[in-house]
Amino acid sequence: MALSREQIAQRIARELEDGFYVNLGIGIPTLVANYIPDGIEVMLQSENGLLGMGPFPTEDEIDADMINAGKQTVTAATGASIFSSAESFAMIRGGHVDLTVLGAFEVDVNGNIASWMIPGKLIKGMGGAMDLVAGADNIIVTMTHASKHGESKLLTNCTLPLTGAGCIKKVLTDLAFLEIKDGAFHLKERAPGVSVEEIIEKTEGKLIVPDHVPEMTFA
Amino acid sequence: MALSREQIAQRIARELEDGFYVNLGIGIPTLVANYIPDGIEVMLQSENGLLGMGPFPTEDEIDADMINAGKQTVTAATGASIFSSAESFAMIRGGHVDLTVLGAFEVDVNGNIASWMIPGKLIKGMGGAMDLVAGADNIIVTMTHASKHGESKLLTNCTLPLTGAGCIKKVLTDLAFLEIKDGAFHLKERAPGVSVEEIIEKTEGKLIVPDHVPEMTFA
Amino acid sequence: MSGFNKVVNSYEEAMAGLEDGMTVIAGGFGLCGIPENLIAQIKKMGTKELTFVSNNCGVDDFGLGILLVDRQIKKMISSYVGENALFEKQLLAGELEVELTPQGTLAEKMRAGGAGIPAFYTATGYGTPVGDGKEVREFNGRKYIMEESITGDFAIVKGWKADTYGNVVYRDTAQNFNPMAATAGKITVVEVEEIVQPGELKPTEIHTPGIYVNRVIKGSFEKRIEQRTVRQG
Amino acid sequence: MSGFNKVVNSYEEAMAGLEDGMTVIAGGFGLCGIPENLIAQIKKMGTKELTFVSNNCGVDDFGLGILLVDRQIKKMISSYVGENALFEKQLLAGELEVELTPQGTLAEKMRAGGAGIPAFYTATGYGTPVGDGKEVREFNGRKYIMEESITGDFAIVKGWKADTYGNVVYRDTAQNFNPMAATAGKITVVEVEEIVQPGELKPTEIHTPGIYVNRVIKGSFEKRIEQRTVRQG
């Protein structure tokens with residue numbers, strides 16, 4: 001069965017290491033914060049200018065001057081620092097963030113990602129996504145494996161305008177966890193009850209399937 | 001008679017305007033701070049990272065963490081700000097300093113300045129001088145008009161390696177105050193008792209002399 | 001020190017000199033830390049054909065969005081826009097031009113503008129529509145694009161406290177784009193919640209030194225919240 | 001948060017991993033705000049063939065100057081050097097290489113290195129020996145040269161206070177080059193006068209966020225003064 005939003009967040013959380021500085025994109029990536037494993041501490045970076053994002057505020061704590069990159073009211077964790085957006089993107093562009101998690105429309109076998117623009121629809125902008133994918137070495141893209149109409153989002157070549165070129169190495173879909181290298185997707189894990197055949201069928205780009213593909217387990 | 005160091009500082013101080021942010025180089029330029037006219041307030045920028053340099057400290061106030069660009073112990077004036085050297089040179093390079101005063105070995109009719117390097121002698125470095133002359137629109141160069149051997153320092157072409165190209169518009173020597181434009185020095189004022197003839201004789205570069213050259217006066 | 005007293009007492013004075021066709025750099029991220037009263041003053045003045053450099057364009061009835069009503073904005077240079085219906089309408093009607101710029105590149109363009117750096121290289125946007133027409137250059141085996149800096153005729157900034165010399169501190173994440181905007185205006189206007197005397201702000205804690213600031217005004221602020229999210233207390 | 005505890009308890013640990021031939025970026029201006037104990041540790045380790053990126057090279061018996069004695073320095077990238085006799089001697093003997101870099105360009109090269117900007121343009125040095133061999137480019141009718149960024153295998157930094165997560169504040173003009181150096185090291189080591197608990201430094205007053213810092217150590221400092229100047233009290 002395809003992974004739920006919560007399971008996607010749980011699986012991504014297993015990529016966290018103690019002491020990681022992490023930038024979580026809007027949507028499912030944000031949920032990762034709820035599944036940080038025991039014994040592991042991470043600091044969340046918010047690209048408007050906050051390192052050490054805390055939980056949402058209580059009604060009493062709400063402060064218009066404390067927001068995250070999703071424009072939600074937040075708090076600062078103990079040991080946080082707050083700085084300008086130039087400093088924030090110096091961190092991001094300079095490769096100081098250990099893990100970036102973000103959504104996408106498409107990825108391809110060359111590590112290209114398209115996530116911000118669908119020609120013909122209103123284009124709102126890329127925000128910080130282009131900086132995040134260009135700056136990070138360790139990125140996990142999360143998205144559904146195929147569209148509602150069954151069209152694969154793991155492609156030979158992205159069809160939409162790119163967010164970044166050759167920068168994606170890990171993809172977690174609702175069906176599988178894959179790595180991208182040497183011009184192909186490498187199937188690493190499958191969602192519980194999802195067959196390798198289904199993943200092959202729904203992957204348009206070149207896919208390398210090992211003899212054994214472990215099934216993800218969730219508590 | 002040639003101007004004394006103190007008279008040079010006094011004359012430069014007349015170029016100050018109320019509210020100016022000013023960077024004073026090492027040596028004679030530093031003395032300008034002693035002659036700020038009544039009713040005029042300026043803020044001194046020190047390029048290591050201090051805006052609002054105060055007087056030297058008393059023995060009790062000396063603090064190794066408070067120095068100026070000349071590495072002298074200083075104090076901070078009321079309303080000062082202290083920042084990194086990158087921020088300091090952002091101010092300088094970005095043209096935010098209203099007046100820069102510095103010494104030189106040579107200047108020429110095209111506004112070139114040589115102030116940091118004498119080939120064959122040990123070269124200690126340019127420090128912040130190249131940034132200062134490139135960043136400021138309003139610069140006063142101060143130096144003796146000629147060497148001890150009578151060789152002019154106001155030239156057709158600088159002979160020494162440059163500190164900056166085409167950036168100097170005002171020169172105050174011990175003999176005269178001159179402006180540089182259209183490929184010539186324009187004699188504006190002469191030191192008390194110094195003849196126009198002496199200035200002509202000691203200026204190697206093209207010199208424009210008006211009918212009347214006022215004599216500087218000092219209290 | 002009269003020469004360093006940057007305080008003005010009316011919003012008319014604060015925005016005096018703004019003319020049709022000028023470029024204005026505005027601080028703020030979403031509705032957080034925006035110079036809301038300076039924007040309202042621009043609406044009141046009715047200045048037209050303005051180019052705004054700002055990460056976002058506010059919402060229908062707050063922030064830069066209010067300048068759309070009388071079509072005062074010709075062009076936006078932003079990373080993310082369209083949180084308002086009128087924006088979409090004017091964009092689709094070709095009445096409004098948008099130059100989408102990655103957020104980090106936008107922040108750096110403002111900083112570079114204030115710092116006398118006319119251009120820099122970044123990997124951000126290489127191989128994407130943002131890189132189209134821009135110079136590509138390789139450093140250490142990786143491709144980068146050249147981005148040019150931005151300066152404005154005016155910069156409008158929201159601070160928390162300023163002293164009368166124009167030294168500014170920002171409050172929490174309301175800092176965002178404000179410090180870079182402050183450096184990049186020919187005339188930089190800062191509105192703050194509180195004006196203090198020189199010496200009251202600690203020199204090492206000042207975010208924007210007064211050298212960048214031309215005018216300071218005390219305002220009162222609505223500080224609207226875009227996404228009110230809470231947890232159970 | 002064990003993962004964020006950057007505190008090390010010995011200078012051996014602080015500089016572990018430094019090897020012959022590496023590039024080290026050092027904070028400090030003159031003798032002010034220099035990581036004096038980290039430098040002393042490098043002397044003790046005897047590491048050779050080092051390239052130092054630092055505005056100055058100390059004096060004969062203090063600061064980076066002490067590394068000259070055993071010829072540990074192969075090359076200096078600095079804006080102003082030669083406040084020591086041994087430096088001059090080694091330079092004239094060709095035992096030491098110096099790459100003179102304008103002070104503001106040096107600061108910006110470090111910042112750019114930490115910020116993922118491989119190169120930028122500046123008017124500083126155009127038409128001078130500094131511009132020789134560098135690309136010249138015109139923007140808005142003025143000529144600029146391209147300068148490339150700098151990163152180091154190590155950065156050694158002197159702070160005032162740090163919390164255990166590596167958030168750092170600097171004291172007065174001892175800030176100077178330290179914040180940029182901190183961003184530009186593969187391994188950044190900060191020595192401070194005082195280590196405090198996370199939460200004790202105000203988030204908006206932190207000069208160097210902990211994300212840049214790998215190791216923090218508490219030292220005791222001589223803080224030598226180069227030019228003691230006083231007025232009558």
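In what follows, chains carry the letters A, B, and so on, assigned in the order in which the sequence lines appear, proteins first and then strands, with residues in each chain numbered from 1.
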Between the CG atom in Asn48(A) and the CZ atom in Phe177(C), the distance rounded to the nearest 0.5 Å is 9.0 Å
For Glu59(A), is there an ion pair with Arg228(C) - N to carboxylate O distance below 4.0 angstrom?
yes
_Can you see whether Ser85(A) engages Asn176(C) through a side-chain donor-acceptor pair at a distance of less than 3.5 angstrom?_
no
Less than 4.0 Å between a side-chain N and a carboxylate O, is that true for Lys223(C) and Asp63(A)? no
Between Ile67(A) and Cys32(C) the two heavy atoms that sit nearest each other are CD1-CB, 3.4 Å
In short, Ala134(A) meets Arg142(C) closest at the heavy-atom pair O-NH2, 2.8 Å
Among residues 179-190 of chain C, those lying within the under-4.5 Å heavy-atom range of chain A are Pro179(C), Met180(C)
Heaviest contributor of heavy-atom pairs below 4.5 Å to chain C, chosen from Gly49(A), Ala64(A), Pro55(A), is Ala64(A)
One option among Ala80(A), Ala69(A), Gly135(A) has the most heavy-atom pairs under 4.5 Å with chain C, and it is Ala69(A)
Within the 4.5 Å heavy-atom criterion, are Val230(C) and Glu61(A) side-chain neighbours or not? no
Point to revise | Over 12 non-hydrogen atoms of neighbours within 6.0 angstrom of NZ in Lys134(C) | key: yes
Exercise for review: Using a 4.5 Å cut-off on heavy atoms from C-beta on, say whether the side chain of Pro102(C) contacts that of Trp116(A).
Suggested key: no
Crowded around Arg71(C) CZ? As in, over 12 foreign heavy atoms under 6.0 Å?
-> no
Note, Glu83(C) side chain near Lys124(A) side chain (heavy atom, < 4.5 Å): yes
Are side-chain heavy atoms of Asp131(A) and Thr105(C) found at a separation under 4.5 Å?
yes
Pair count under 4.5 Å, heavy atoms only, with chain A: among Asn55(C), Thr101(C), Leu92(C), Asn178(C), highest is Thr101(C)
Answer key: most heavy-atom pairs under 4.5 Å with chain A among Leu100(C), Leu31(C), Leu106(C) is Leu100(C)
Max heavy-atom pairs within cutoff under 4.5 Å with chain A, candidates Glu88(C), Arg224(C), Arg171(C), goes to Arg171(C)
Is it true that, when you exclude Asn140(C) itself, more than 12 heavy atoms of the residues, nucleotides or ligands shown sit nearer than 6.0 Å to its CG? no
Here the gap from Asp65(A) atom CG to Tyr170(C) atom OH, rounded to the nearest 0.5 Å, amounts to 13.0 Å
Okay, Ser84(A) and chain C: the region with an atom under 4.5 Å from a heavy atom over there is both
Contact between Lys71(A) and Tyr80(C) at the side-chain level, heavy atoms closer than 4.5 Å - yes or no? yes
Expected contact set for residues 86-115 of chain A against chain C at heavy-atom separation under 4.5 Å reads Ala86(A), Phe89(A), Arg93(A)
- Flag the pair Met130(A) / Thr128(C) as yes when at least one side-chain heavy-atom distance between them is below 4.5 Å, and no otherwise. yes
Nearest heavy-atom approach of Thr173(C) to Leu50(A) is CG2-CB, 4.1 Å
Would you say Asp137(A) has more than 12 foreign heavy atoms packed within less than 6.0 Å of its CG?
no
Q) For Asn68(A) and Gln227(C), what are the C-alpha separation, side-chain angles and deciding distance, and is it a side chain to side chain contact (heavy atoms under 4.5 Å, CB included)? A) CA-CA 10 Å; Asn68(A) 66 17; Gln227(C) 304 274 347; over 6 Å; no
Report task. Would you check if Phe56(A) and Thr229(C) make a side-chain contact, meaning some heavy-atom pair closer than 4.5 Å? Result -> yes
